[in-house]
K.L.:
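My questions all concern the structure below.
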Amino acid sequence: MIKLQLPEGAEAEVPEGVSIREALSDVKGIRKAVAARLNGTVVDLSTTLATDATIEPVMPGSDDALEVLRHTTAHVMAQAVARHFGIENVEFAIGPVIKDGFYYDFDLPRTLTEDDLPAIEKLMEQIKRENIEIVRSVATDRDDALATIHGAGAKSKFKQELIRGFPAEEPVSFYTQGEFTDLCRGPHLPATGKLAFFKLLSVAGAYWRGDEKREQLQRIYATAFFDKKELKQLLHQREEALKRDHRKVGQQLDIFRSLPEAPGFPLWLPNGTIIVNQLLAYIREKLEVRAYQEIRTPHIMIDDLWKTSGHYDHYKDNMYFTEIEDRSFAVKPMNCPGAALAYKQGLRSYREHPVRLGEFGLCHRFERSGTLHGLTRVRSFVQDDAHIFCTPAQLQSEILALIDLTHEVYREIGFGVPKMVLSTRPDDRTGSDEMWDNAENQLTEALAKAGATYDINPGDGAFYGPKIDFLVLDAIGREHQLCTIQVDFSLPEKFDLEYVGNDSARHRPVVIHRAILGSIERFIGLLIEHYAGIFPLWLAPTQAMVLPVSEDRHADAAGNILQELRQAGFRAHVDWSNNKLGKKIREATLKKTPYLLVVGDREVDNGTIAVRRRDGTDCGSLEMGALLHMLREERDTRSLVPLLNTPRGDTPQADAPSAAEEDA
RNA sequence: GCUGCCGUAGCUCAGUGGUAGAGCACCUCCUUGGUAAGGAGGAGGUCAUGGGUUCAAGUCCCAUCGGCAGCUCCA
């Protein structure tokens, strides 16, 4: 007999060889269990018990259960693909669980298209209905495993390669469901009938083991959930992401264009340029308060500089080069060397530290054509970069200030509280252990003082120093990495940076690299998607559109209103077309113009303006003075919600994207 | 870069080897209007580029350029 610790403190004694399913048979709701934890490890319910153990069921709703579900769904998808093409025609690669679902890679006799997916889905439903038992088997060693996979019916080039990669003597597990056997660590659901809700999402090319020199495979992305609502939610999120795609919205709102004439180098149209300039002005405000100095460093500098900085060795393949009077120059991919040169101009005293040099530097980096993507992956971009040169003793307070600044900016832009990740020393690194100890301690203490919760990525720091990354959630629940704060001991060495300390000796400063928005291009790409094109007033390219009811009778009144708005610094226009009012409203609304100012006979007579918001809210009629007051307030506080409301004074609420959306 | 798909009017897209199309936008005219599309007319194309097959190519083939998706989250 063996002793078992069961859930909720229960204990049991059972004979050896009993399965977990049997051992847990008295636990409430056990029929819904998808797997079990055996001494902490997730295993099949069919696992038999040989020694004393702690066991508990893995129930739907837990992350473990979801992983098992998705993994089994991947196997069923593979089985369906085998039935679709004939098992002898399919070469199976791997089918792992990923963040929002799973995929499986195959080598197939022909190219898959999206049109194949419904048929495969249907076969999966069929396999689910057949409720085939999923049986684990174990091959004792490598030869046994190779024999098993050989006998499984499908081509097995990749599976054999995997097996040969395992230790020769180690047992290898397989899972069989009907005619389909797959090499797999498991665990799995007990039968295909336990499958829940799934959806095949897309087909894509992929390489065996991600290596572009290896076989090209075909991948099916799919997802699965226990809860139908959660599946629907994910599908909805994907749809929403498509609708908000910054390439589409950026085109509709005339923000930027991607040109065949300049692949990877976006063209900012007037509307986009306004947004860029507003963001830069915003960041400049923050920097002035915090005693930064702004610099502008050369875009093209001689090769030697990049050899000194180490970029030539590490980053050459991503740099552009040019020749000037027979000497080779490089276009800057980063701003740091320029900042180091700026620091070096003159003998520095400890008294002037920290030296905070900000630069909205335009950088150029070569990216492979296949990786380019709208504004989020480009070949030239502006960083809101800064290099802070400080004494080792100042490191912590500077980091703390940066954490603070980052939180402030993200809050004001409308992102939630960012998740922070501390990355510590990698194996391959420069600098003494003492330096790393110091830097990591300073970062850790700064994070503690900021009262922040954060994750640690051990070994993921840059070779020249540890870093803190900031991850924000956007409006539709996607995570993006924006800010990064990196400590650098290496740059001051390479450029022989020094300052005179209070002991009148020369000392080495420490450098902090940081960008808050990251690249302005990428940031605006994310902002477009985060706001769904509905920019807050201070960022909106056109802030108000004056709509005369009759374009000739109310022309003077409209012109006067425009003048006053312009004089108050607002970006306003008049719709001079001879369309009817309804059409003018439709067009301005589709362009997401925050405020529509209607002027007709009534308004001319009363000296007022009828105000409508882009979400359709009627704000009633106001006098010009009152209107300007509210608009200034909303703009100057960079409010994320409209301050002008209905005449009854309803509570302000964000311009709900859904309310203003009716894209034709 | 590699694989697959795609490239037709300013935009969104139809067009399956036989005379280049629609809607929106643009221009002109009519209409001067009250909170999401008033009406009529007009202009606009080397069908990405180059080559090939064919009596005939937007359509089929090849190449080039550009776009889109993907290219380990390791059984």
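All heavy atoms count here, side chains included; hydrogens, waters and symmetry mates do not. Numbered from 1 within each chain, the chains take letters A, B, ... in sequence-line order.
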K.L.:
A:Thr192 side chain to A:Ile127 main-chain N or O, any donor-acceptor pair under 3.5 Å?
P.N.:
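Judged by distance alone, yes, a pair lies under 3.5 Å.
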K.L.:
What is the distance from OH of A:Tyr207 to C1' of B:C2, rounded to the nearest Å?
P.N.:
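Atom OH in A:Tyr207 sits about 3 Å away from atom C1' in B:C2.
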K.L.:
Would you say B:C74 has OP1 or OP2 under 4.0 Å from some side-chain N or O of A:Arg209?
P.N.:
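So the side-chain polar atoms of A:Arg209 never come under 4.0 Å of the phosphate oxygens OP1 or OP2 of B:C74.
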K.L.:
Does a side-chain N or O from A:Arg247 land closer than 4.0 Å to OP1 or OP2 of B:A69, or not?
P.N.:
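Indeed, a polar side-chain atom of A:Arg247 lies that close.
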K.L.:
Using a 4.0 Å heavy-atom cut-off across all strands, classify A:Glu261 as base, sugar-phosphate, or nothing.
P.N.:
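A:Glu261: no heavy atom of the nucleic acid under 4.0 Å.
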K.L.:
Whom does B:G70 pair with, Watson-Crick or G-U wobble, provided both distances fall under 3.5 Å?
P.N.:
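B:G70 is paired with B:C2.
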K.L.:
Taking only N and O in the side chain of A:Lys583, is any of them less than 4.0 Å away from OP1 or OP2 of B:A25?
P.N.:
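True: A:Lys583 side-chain N/O within range (under 4.0 Å) of B:A25 OP1/OP2.
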K.L.:
Could you let me know what B:C29 is paired to, Watson-Crick or G-U wobble, both distances under 3.5 Å, or none if it's on its own?
P.N.:
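Checking every strand shown, B:C29 finds its partner in B:G39, with both distances under 3.5 Å.
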K.L.:
Figure out the NE2/P separation between A:His554 and B:U35, and round it to whole Å.
P.N.:
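Atom NE2 in A:His554 sits about 14 Å away from atom P in B:U35.
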K.L.:
Determine whether any donor atom in the side chain of A:Gln218 lies under 3.5 Å from an acceptor atom in the base of B:G70, or the reverse, and answer yes or no.
P.N.:
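Such a pair does not exist between side chain and base.
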K.L.:
Is the shortest side-chain N/O distance from A:Arg613 to OP1 or OP2 of B:U35 below 4.0 Å?
P.N.:
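It does not, given that no N or O in the side chain of A:Arg613 lies less than 4.0 Å from OP1 or OP2 of B:U35.
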K.L.:
Please check the phosphate of B:G34 (OP1 and OP2 only) for any side-chain N or O of A:Arg602 closer than 4.0 Å.
P.N.:
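No, outside the criterion.
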K.L.:
So what's B:C60 paired with, Watson-Crick or G-U wobble, going by both distances under 3.5 Å?
P.N.:
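Across all strands, the one nucleotide that pairs with B:C60 is B:G52.
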K.L.:
NA contact type, A:Ala588, heavy-atom cut-off 4.0 Å: base, sugar-phosphate, or nothing?
P.N.:
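No contact.
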K.L.:
Nearest to the side chain of A:Ile94 - B:A25, B:U32, B:C74?
P.N.:
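Within the option list, the nearest is B:C74.
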K.L.:
Considering heavy-atom distances to RNA chain B, does A:Arg368 or A:Val611 have its closest nucleotide positioned more toward the 5' end?
P.N.:
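The residue whose closest nucleotide sits nearer the 5' end is A:Arg368.
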K.L.:
Quick check on B:A37: is either OP1 or OP2 less than 4.0 Å from any side-chain nitrogen or oxygen of A:Arg586?
P.N.:
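So the side-chain polar atoms of A:Arg586 never come under 4.0 Å of the phosphate oxygens OP1 or OP2 of B:A37.
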K.L.:
For B:C11, give its Watson-Crick or G-U wobble partner with both distances under 3.5 Å, or none.
P.N.:
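Check on B:C11: paired to B:G23, both distances under 3.5 Å.
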K.L.:
Establish, with yes or no, whether the OP1 or OP2 oxygen of B:A75 is under 4.0 angstrom from a side-chain nitrogen or oxygen of A:His71.
P.N.:
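Answer is no, no contact under 4.0 Å.
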